[in-house]
Amino acid sequence: MYADITIKARCLSTADAEAILQQHNAEYKGLDVQTDTFYDVDFGKLKLRKGTIENVLIHYNRVWVGGAKQTEVMMYLKNPGDETMKAVCGDLEVISELRKMRKIYFIDNVKFHLDQVEGHGQFIEIEAIDLDGSIGTETLKQQCDYYKDLLQIEDDDLINDSYIDL
């Protein structure tokens with residue numbers, strides 16, 4: 001299980017955000033064309049992501065922590081096979097499906113998503129990740145705040161909903 005702190009915001013110009021990331025030597029991972037399928041579960045969210053870069057089955061819960069979301073990940077399976085999908089998702093009801101194009105960048109442990117979400121517009125996500133518990137949530141929050149300022153994200157642009165809840 002790992003934790004992260006995430007800030008998500010509407011973005012008027014992903015090109016401007018991308019230029020800032022490039023000026024700060026962010027590592028570009030590529031353009032991921034993704035379809036996220038969400039399943040009906042009693043707690044948190046269960047999501048299957050199929051993309052050109054990322055393919056995961058993830059069960060997580062998010063809680064608001066002063067302008068950002070803290071994510072607790074209970075399960076994270078890369079490239080799940082058919083048997084795993086059947087065992088985990090079985091007869092669960094699909095509640096939503098979402099398509100997006102996502103440019104992925106990294107600076108150290110901080111991941112940036114520049115998203116074009118079908119039917120919803122452009123967004124940016126800043127995700128400070130602590131894979132082994134060595135960084136701590138306070139530092140993750142500080143990292144998100146630093147990059148929020150650097151990328152000129154205004155408080156009015158922040159959103160607290162998942163894309164499927166918009």
Side-chain angles (χ1 to χ4, degrees), residues 1-38 44-79 98-117 120-155 157-166:
M1 188 160 58
Y2 74 88
D4 71 35
I5 299 289
T6 302
I7 290 175
K8 184 185 304 189
R10 294 199 176 276
C11 187
L12 295 177
S13 173
T14 55
D16 289 349
E18 189 168 19
I20 292 169
L21 289 171
Q22 290 170 348
Q23 289 168 0
H24 287 82
N25 299 316
E27 181 183 357
Y28 180 59
K29 295 294 188 176
L31 174 65
D32 199 5
V33 180
Q34 301 178 341
T35 299
D36 291 346
T37 303
F38 292 85
K45 288 188 169 43
L46 177 62
K47 170 175 61 181
L48 173 64
R49 170 165 293 149
K50 290 184 179 179
T52 51
I53 296 174
E54 296 180 334
N55 291 284
V56 298
L57 180 63
I58 182 170
H59 186 206
Y60 63 95
N61 189 46
R62 289 198 172 127
V63 180
W64 269 99
V65 181
K69 287 184 177 180
Q70 181 172 340
T71 304
E72 179 183 43
V73 178
M74 283 80 73
M75 178 187 65
Y76 186 90
L77 303 173
K78 287 186 177 184
N79 302 311
L98 181 87
R99 290 174 187 76
K100 64 182 171 286
M101 293 192 327
R102 167 173 281 179
K103 288 186 176 180
I104 302 171
Y105 283 88
F106 269 93
I107 298 176
D108 298 321
N109 66 300
V110 182
K111 185 178 183 185
F112 302 87
H113 304 149
L114 303 175
D115 292 339
Q116 178 66 46
V117 181
H120 297 291
Q122 296 182 99
F123 298 86
I124 186 168
E125 287 185 2
I126 304 166
E127 183 179 354
I129 304 165
D130 186 357
L131 291 175
D132 62 8
S134 64
I135 298 172
T137 56
E138 188 56 39
T139 299
L140 297 176
K141 176 86 169 78
Q142 290 169 0
Q143 289 175 320
C144 282
D145 289 342
Y146 171 79
Y147 288 113
K148 175 182 173 265
D149 291 342
L150 180 72
L151 293 162
Q152 304 166 12
I153 297 171
E154 301 293 329
D155 288 342
D157 293 326
L158 295 174
I159 59 170
N160 59 6
D161 293 325
S162 295
Y163 293 140
I164 63 164
D165 298 326
L166 292 177

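- Although no hydrogens or angles enter the test, the distance criterion places no donor-acceptor pair under 3.5 Å between the side chain of D4 and the main chain of E127.
- Taking the side chain as every heavy atom from C-beta outward, L46 and L57 approach each other to under 4.5 Å.
- Summarising the geometry, atom CG belonging to L48 is positioned 5.5 Å from atom OG1 belonging to T37; distances are rounded to the nearest 0.5 Å.
- Taking SG of C144 as the start and CD1 of I5 as the end, the distance is 6.5 Å to the nearest 0.5 Å.
- Closest of all the heavy-atom pairs between N61 and G44 is OD1-CA, 3.7 Å.
- Under the salt bridge (charged side-chain N to carboxylate O under 4.0 Å, His left out) criterion, K50 pairs with no residue at all, not counting sequence neighbours.
- Taking Y60 as the reference, nothing meets the ring pair (Phe, Tyr, Trp, His ring centres under 6.0 Å) condition, with sequence neighbours excluded.
- At a threshold of 4.5 Å between non-hydrogen side-chain atoms, the residues D130 and T137 do not count as touching.
- Taking R10 as the reference, nothing meets the side chain to side chain donor-acceptor pair (under 3.5 Å) condition, with sequence neighbours excluded.
- In this structure, NZ in K78 is found 11.0 Å from CD1 in I58, a value given to the nearest 0.5 Å.
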Would I129 and I135 satisfy side-chain contact (heavy atoms from CB on, under 4.5 Å), going step by step from the backbone distance to the final call? CA-CA 8 Å; I129 304 165; I135 298 172; over 6 Å; no
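- Applying the salt bridge (charged side-chain N to carboxylate O under 4.0 Å, His left out) criterion to E54, with sequence neighbours excluded, gives R49, K111.
- The main-chain N or O of Q34 is never found under 3.5 Å from a side-chain atom of D32 such that the two would form a donor-acceptor pair.
- Residue-environment remark: CG (D108) stays at or below the threshold of 12 foreign heavy atoms within 6.0 Å.
- Residues that satisfy the salt bridge (charged side-chain N to carboxylate O under 4.0 Å, His left out) test with D155, not counting sequence neighbours, are K148.
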After noting the C-alpha distance and the side-chain angles of K8 and D115, does the key distance pass the salt bridge (Lys or Arg N to Asp or Glu O under 4.0 Å) rule? CA-CA 10 Å; K8 184 185 304 189; D115 292 339; over 6 Å; no
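- In this structure, CD in Q116 is found 8.5 Å from CZ in F123, a value given to the nearest 0.5 Å.
- Partners of H24 under the side chain to side chain contact (heavy atoms under 4.5 Å, CB included) rule, at least two apart in sequence or in another chain, are I20, I107, L150.
- A 4.5 Å side-chain heavy-atom check between N109 and L140 finds at least one atom pair inside the cut-off.
- Atoms CG and CG, on L114 and L21 in that order, are 6.0 Å from each other to the nearest 0.5 Å.
- Every residue two or more places apart in sequence or in another chain was checked for a salt bridge (charged side-chain N to carboxylate O under 4.0 Å, His left out) with K47, and none qualifies.
- Residues passing the side chain to side chain donor-acceptor pair (under 3.5 Å) test with Q152, sequence neighbours excluded: none.
- E27 is linked by a side chain to side chain donor-acceptor pair (under 3.5 Å) to K29, counting only residues two or more places apart in sequence or in another chain.
- Listed by first and then second residue, the ring-ring contact (aromatic ring centres under 6.0 Å, His included) pairs involving residues 135-154 are F112-Y147 (not counting sequence neighbours).
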Stepwise side-chain contact (heavy atoms from CB on, under 4.5 Å) check, I124 with T14: CA-CA 7 Å; I124 186 168; T14 55; 5.8 Å; no
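- Remark: H113 pairs with R102, E125 by the side chain to side chain donor-acceptor pair (under 3.5 Å) rule, at least two apart or across chains.
- Listed by chain and residue number, Y28, M101, K103 satisfy the side chain to side chain contact (heavy atoms under 4.5 Å, CB included) test with L31 (two or more places apart in sequence, or in another chain).
- When every heavy atom of A26 is checked against every heavy atom of Y105, the shortest pair comes out as CB-CD2, 3.7 Å.
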